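A short write-up of the structure that comes next.
No experiment lies behind these values; they were computed from the predicted model shown. Hydrogens, waters and symmetry mates play no part in the numbers below; they use all other heavy atoms, side chains included.
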Amino acid sequence: MVEVWIVEEKVTNKFLDESGHHIRIDGELDTAFFIGADGEGYVERNKNYLLDYLLCQKKFPLYITFMVDDGQTDEYIDFFNENRMEYSLKILEEKRTYYNYSGKHQYHPPCFTVKINDSNSLVLLLNETYWLPTQNEFYSISFSDNLKFELREVKEWGRKRKRSIPIFNIEQETTFITIFPDGHGFYLFSNDNKYNSLDKIIKTLPKGTVITQINDTLVNIENGKEE
């Protein structure tokens with residue numbers, strides 16, 4: 001049994017900025033839903049709940065996209081090859097900076113998209129990579145190959161910076177998920193009728209999920225139906 005809370009969010013540019021990484025949507029979408037697991041050890045709880053949720057949807061392939069540090073590229077390529085995962089690698093346009101004993105270094109962040117075709121691969125990949133969004137790296141899971149990046153100027157902490165902005169195309173029916181900062185829950189974006197209302201979202205939750213709060217209202221609802 002997992003306790004979660006759900007928040008229905010109006011999709012605006014301000015909301016997208018505040019949800020992390022300045023994501024944008026190419027197409028029309030009014031509402032997104034936040035789903036987060038309560039309790040101690042929230043990172044592990046939310047990782048496991050997200051995994052249960054995705055397995056419950058029985059939807060493959062999934063396209064999982066995430067950025068890594070410059071020195072991690074070969075490590076992940078070895079992991080994908082060892083587990084026979086199909087992937088693509090893009091080097092994004094933005095510049096990142098880090099410092100070590102030898103001074104200042106800049107690099108363009110590597111970004112992987114992994115095509116997941118079965119539940120075993122999903123379990124392997126999520127367990128291997130969920131720590132990345134807990135470090136506030138970009139991380140998304142999409143039901144279609146609908147993501148591109150564009151270099152744009154944004155304002156962060158009062159300064160203008162150039163960032164590689166994730167843009168999700170939803171002109172066709174699709175669903176995608178982004179991870180809340182620090183790994184504390186996830187946002188569900190969808191123009192699929194299966195996910196277009198709060199009542200329908202609740203029906204897609206894994207069996208035994210207990211909903212303790214919806215928006216600002218405390219509730220006690222147990223979802224008994226597994227889709």
Smallest heavy-atom separation, G208 atom then M1 atom, equals O-CG, 3.6 Å
State, yes or no, whether a side-chain contact exists between L62 and F143 at a heavy-atom distance under 4.5 Å. yes
Scanning both residues in full, the closest heavy-atom pair of C56 with P206 reads SG-CA, 3.9 Å
ask   = Would you find more than 12 non-hydrogen atoms of other residues, nucleotides or ligands less than 6.0 Å from K200 atom NZ?
value = yes
Q. Hey, are the side chains of D26 and N146 touching, using non-hydrogen atoms and a 4.5 Å cut-off?
A. no
Next on the checklist: For the residue pair N196 / N193, report whether a side-chain donor-acceptor contact shorter than 3.5 Å exists.
Outcome noted: yes
Problem set entry | Test side chain to side chain contact (heavy atoms under 4.5 Å, CB included) applied to T204 and L188, step by step | CA-CA 12 Å; T204 69; L188 177 71; 5.5 Å; no
Query raised in the report: Hey, is CD on Q172 packed in by over 12 heavy atoms from elsewhere, all under 6.0 Å?
Result: no
Original post:
Are the side chain of N169 and the backbone N or O of E171 linked by a donor-acceptor pair below 3.5 Å?
Top reply: yes
>> Does N100, at its CG atom, have more than 12 non-hydrogen atoms belonging to other residues, nucleotides or ligands within less than 6.0 Å?
In response: yes
Flag the pair D17 and R24 as a salt bridge only when some basic side-chain nitrogen lies within less than 4.0 angstrom of an acidic carboxylate oxygen.
-> yes
How about Q106: does its CD atom have over 12 heavy atoms from other parts shown lying under 6.0 Å from it? yes
Verify same cluster id: L50, I35 (apolar side-chain graph, 4.5 Å): yes
Exactly one candidate in T175, T174, L147 meets side-chain contact (heavy atoms from CB on, under 4.5 Å) with S142; the answer is T174
CZ (F149) and CD1 (I165) are apart, to the nearest 0.5 Å, by 9.5 Å
Check your understanding: Taking N191 for the side chain and I170 for the main chain, is one N or O donor matched with an acceptor at less than 3.5 Å?
Key -> yes
Shortest non-hydrogen pair, E8 vs N215, comes out as N-OD1, 2.8 Å
Check: What's the verdict on side chain to side chain contact (heavy atoms under 4.5 Å, CB included) for I167 and R152, showing C-alpha distance, side-chain angles and the deciding distance?
Finding: CA-CA 11 Å; I167 303 173; R152 296 184 181 180; 3.3 Å; yes
The single option from E156, E153, E93 that satisfies side-chain hydrogen bond (donor to acceptor under 3.5 Å, both in side chains) with R163 is E156
| said: Determine whether E9 and E18 satisfy the following criterion, side chain to side chain contact (heavy atoms under 4.5 Å, CB included), listing intermediate values before the conclusion. | reply: CA-CA 12 Å; E9 300 278 8; E18 292 175 349; over 6 Å; no
Just wondering, do T65 and C111 contact through their side chains at under 4.5 Å, heavy atoms?
-> yes
To the nearest 0.5 Å, atom OH of Y99 lies from atom NE2 of H105 at 10.0 Å
ask   = Would you say F112 and F80 make side-chain contact, with heavy atoms under 4.5 Å?
value = yes
Query - Flag for Y49-T209: side-chain donor and acceptor within less than 3.5 Å - result: yes
Check your understanding: Is there a donor-acceptor pair under 3.5 Å between the side chain of H21 and the backbone N or O of N136?
Key -> yes
With hydrophobic residues grouped by side-chain heavy-atom distances under 4.5 Å, do I201 and V219 end up in a single group?
yes
For S19 and L16 the tightest heavy-atom approach is OG-O, 2.9 Å
- Run the numbers on F180 and Y42 for ring-ring contact (aromatic ring centres under 6.0 Å, His included), then give the verdict. CA-CA 12 Å; F180 191 78; Y42 68 85; 9.6 Å; no
For this session: Say whether I64 and F168 are linked into one hydrophobic cluster, either directly or through other cluster members, by side-chain heavy-atom distances under 4.5 angstrom.
Result: no
The side-chain hydrogen bond (donor to acceptor under 3.5 Å, both in side chains) partner of Y139 among T178, T129, T134 is T129
Item checked: Beyond-backbone contact of K47 with N127, side-chain heavy atoms, under 4.5 angstrom -> yes
Review point. If we only count heavy atoms from C-beta on, is the Y130 to V43 side-chain gap below 4.5 Å?
Key: yes
Ignoring hydrogens and angles, tell me if any N or O in the side chain of N83 forms a donor-acceptor pair with the backbone of M85 under 3.5 Å. no
Scanning both residues in full, the closest heavy-atom pair of Y87 with N81 reads CE2-OD1, 3.7 Å
Shared hydrophobic cluster for L89 and Y107 (ILVMFWY, side-chain gaps under 4.5 Å): no
The residue among F186, F189, W5, F15 that forms ring pair (Phe, Tyr, Trp, His ring centres under 6.0 Å) with F34 is W5
Checklist entry - For I202, does its backbone N or O pair with a side-chain atom of N223 as donor and acceptor, under 3.5 Å? => result yes
Exercise for the section: Treating Ile, Leu, Val, Met, Phe, Trp and Tyr as nodes and any side-chain heavy-atom pair under 4.5 angstrom as an edge, say whether V2 and L55 lie in one connected cluster. Expected result: yes
Taking the side chain as every heavy atom from C-beta outward, state whether P61 and I116 have any atom pair closer than 4.5 Å. no
task: Decide yes or no for I25 and F176: does some side-chain heavy atom of the first lie under 4.5 Å from some side-chain heavy atom of the second?
output: yes
Under a 3.5 Å distance rule, please check whether Q72 uses its side chain to pair with a backbone N or O of D69 as donor and acceptor.
yes
Problem set entry | Flag, side chain of E94 to backbone of S164, donor-acceptor distance under 3.5 Å | yes
